[in-house]
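Working notes for the structure below.
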Amino acid sequence: MSIIADDNDFKAEKNIKSDMVKPESIEFDRNFENTIRPKSFESYIGQTALKETLKISVEAAKKRSQPLDHLLFYGPPGLGKTTLAGVIAEQMGVDIKITSAPALERPRDIIGILMSLKGGEILFIDEIHRLNKIAEEILYPAMEDFYLDMTTGKSQTVKTLRIPLPKFTLIGATTKAGALSGPLRDRFGIIHRLEFYGADELAQVVKRTAGILNIEITDEAANRIAKRSRGTPRIANRLVKRVSDYALVKYDGKITKDIADEALDILKIDNWGLDNTDRSLLKLIIEKYDGGPVGIETIAAALGEDARTIEDVCEPYLLQAGLLQRTPRGRKVSPAGYKHLGFKVQNLQQSLFE
Ligand code: ADE
């Protein structure tokens, strides 16, 4: 697997969890994630229905000796879009080149990558909804008919050069399928959503990672970490590492239920998996905006965070957990959100009619 540019899986996390993930730990995280990344469908836990359809697509492509159709994965960050692309490459027996839309700013960036591809290879573009118009237009004929249209010369002497490309597979990943332009979305043969993981699946991820890293952990402790991982394997994996550090420094290294609870409390991760940023967001809406509705830009400015990062990283889980609600007039804390933070539900009556 070659990483051409930033693997932006790490970027969104870097922005929002600025108090948790320091810049110097990004490189470490990348190595850590690569060590534990599953390479086969069998070792990839969860996303069962998606895996079944992907297995069929991979087998069919192999039987036809054709590259796989272009694929689009969407869903919240940390659910394994890059990992799944790596599994597909491994199962197809081809190389994967990984980049992200913000790294493809100039036409020559995308042209360079496309021209470097060999037959059957996979190009993975993360945050594909952030591709600029020019890059998108270069991609259209490349995706559809495997050629590049290049222009040379100026005004009257302008010539179009058609350069053939080897057949390749584009795998796009996005946290925002709705932000993708229609023409780009239409060029993907296969579109799949990744779902949040259940606690049982996350406990399996925790145990698998602990096994790879030679960390001793009880089933109960794995369940505890899983429950506080916001349905997200990337978070589960990071918590295993942090809790293991704690167990090693304070105890004998083995992670038991009590040690897991103690470490997670110190990390200020509550029993719903919320961290300081999540709680500040809910608290702000309750205390300053009477529970909402309030616009995302206002929330972001008050928290000193980037609105897009809040939308992409923080919100999806709060929405799915039913702690936050999205209304046409902005975000509102749900009665469950009030309860979780220990506030009395004041405007329940009002919220029923909004
Ligand atoms: N690490 C991150 N995601 C994973 C998954 N889905 N299965 C196993 N290990 C993982």
Side-chain angles (χ1 to χ4, degrees), residues 1 4 7-9 37-101 104 110 113-114 117-131 135-147 165-197 201 232-233 312 316:
M1 185 188 294
I4 293 262
D7 179 349
N8 271 272
D9 259 12
R37 261 188 186 150
K39 304 261 183 315
S40 65
F41 286 118
E42 287 65 39
S43 55
Y44 185 100
I45 296 154
Q47 310 292 344
T48 316
L50 168 56
K51 265 189 334 193
E52 287 313 307
T53 45
L54 286 177
K55 271 189 210 166
I56 304 266
S57 303
V58 165
E59 280 312 306
K62 277 169 51 177
K63 276 198 169 163
R64 289 195 192 102
S65 301
Q66 288 278 331
L68 200 62
D69 278 348
H70 304 306
L71 261 160
L72 179 69
F73 291 141
Y74 70 99
L79 299 191
K81 296 186 277 290
T82 315
T83 306
L84 207 45
V87 168
I88 291 171
E90 199 74 31
Q91 299 307 301
M92 289 291 299
V94 297
D95 266 353
I96 177 166
K97 288 185 169 142
I98 297 178
T99 186
S100 71
L104 303 173
I110 181 94
I113 275 198
L114 288 169
L117 292 172
K118 298 190 189 73
E121 275 186 0
I122 293 177
L123 172 61
F124 180 84
I125 305 183
D126 203 3
E127 294 196 74
I128 194 156
H129 61 279
R130 291 176 66 186
L131 268 188
E136 265 195 26
E137 275 169 14
I138 293 170
L139 259 186
Y140 294 158
M143 288 175 78
E144 224 160 319
D145 299 311
F146 304 105
Y147 70 81
L165 292 170
K167 286 193 174 172
F168 68 97
T169 299
L170 175 66
I171 303 185
T174 177
T175 49
K176 289 184 160 176
L180 221 66
S181 77
L184 182 56
R185 199 172 45 236
D186 291 347
R187 283 171 170 85
F188 286 97
I190 312 171
I191 300 184
H192 287 296
R193 183 189 150 84
L194 274 80
E195 305 289 346
F196 280 113
Y197 288 59
E201 290 166 340
T232 308
D312 293 354

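Phe124 approaches Ala173 most closely through the heavy-atom pair CZ-CB, 3.6 Å. The shortest heavy-atom contact between Val87 and Pro38 is CG2-O, 3.5 Å. Of all non-hydrogen atoms in Gly46 and Glu201, the two that sit nearest each other are CA-OE2, 3.6 Å. Minimum interatomic distance between Ile96 and Ala89 (heavy atoms only, all atoms of both residues): CB-CB, 3.8 Å. The shortest non-hydrogen separation linking Met92 to Ala61 is CE-CB, 3.9 Å. Of all heavy-atom pairs spanning Ile138 and Pro141, the tightest one is O-CD, 3.5 Å.
Rounding to the nearest 0.5 Å gives a distance of 10.5 Å between CD1 of Ile113 and CZ of Phe168. Considering CD of Glu90 and CZ of Phe41, their distance stands at 11.0 Å, rounded to 0.5 Å. Interatomic distance, Ile128 CD1 to Lys176 NZ, rounded to the nearest 0.5 Å: 15.5 Å. Here OG of Ser57 is found 11.0 Å from CD of Glu52. Values are rounded to the nearest 0.5 Å. Remark: Arg37 CZ to Thr82 OG1 distance equals 5.0 Å, nearest 0.5 Å. Here CG of Leu139 is found 9.5 Å from CZ of Arg187. Values are rounded to the nearest 0.5 Å.
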Give the C-alpha distance, both sets of side-chain angles, the deciding distance and a yes or no for salt bridge (Lys or Arg N to Asp or Glu O under 4.0 Å) between Asp95 and Lys118.
CA-CA 9 Å; Asp95 266 353; Lys118 298 190 189 73; 5.8 Å; no
Before giving the answer on side chain to side chain contact (heavy atoms under 4.5 Å, CB included), spell out for Leu117 and Lys97 the whole-Å C-alpha distance, their side-chain angles and the decisive distance to 0.1 Å.
CA-CA 8 Å; Leu117 292 172; Lys97 288 185 169 142; 4.0 Å; yes
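A donor and an acceptor atom, one from each side chain of Thr174 and Glu127, are nowhere located under 3.5 Å apart. Side-chain atoms of Glu136 and Tyr140 include a donor-acceptor pair closer than 3.5 Å.
Using a 4.5 Å cut-off on side-chain heavy atoms (C-beta onward), Arg130 and Leu104 make no contact. Between Ile125 and Ile171 there is no side-chain heavy-atom pair separated by less than 4.5 Å. Using a 4.5 Å cut-off on side-chain heavy atoms (C-beta onward), Pro233 and Tyr197 make contact.
A 6.0 Å sphere centred on NZ of Lys55 holds more than 12 heavy atoms belonging to other residues, nucleotides or ligands.
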Show me, pair by pair, the donor-acceptor contacts under 3.5 angstrom made by side chains of residues 62-80, not counting sequence neighbours?
unit_1, atom_1, unit_2, atom_2, d
Lys62, NZ, Gln91, O, 2.8
His70, ND1, Leu170, N, 2.8
His70, NE2, Met143, O, 2.9

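Applying the salt bridge (Lys or Arg N to Asp or Glu O under 4.0 Å) test to Glu195 and every residue at least two apart in sequence or in another chain returns Arg193.
Between Asp126 and Lys81 there is no salt bridge, since no side-chain nitrogen of the basic residue lies less than 4.0 Å from a carboxylate oxygen of the acidic one.
Of the residues listed (Leu54, Thr83, Leu50), the one engaging Tyr44 in a side chain to side chain contact (heavy atoms under 4.5 Å, CB included) is Thr83, and it is the only one.
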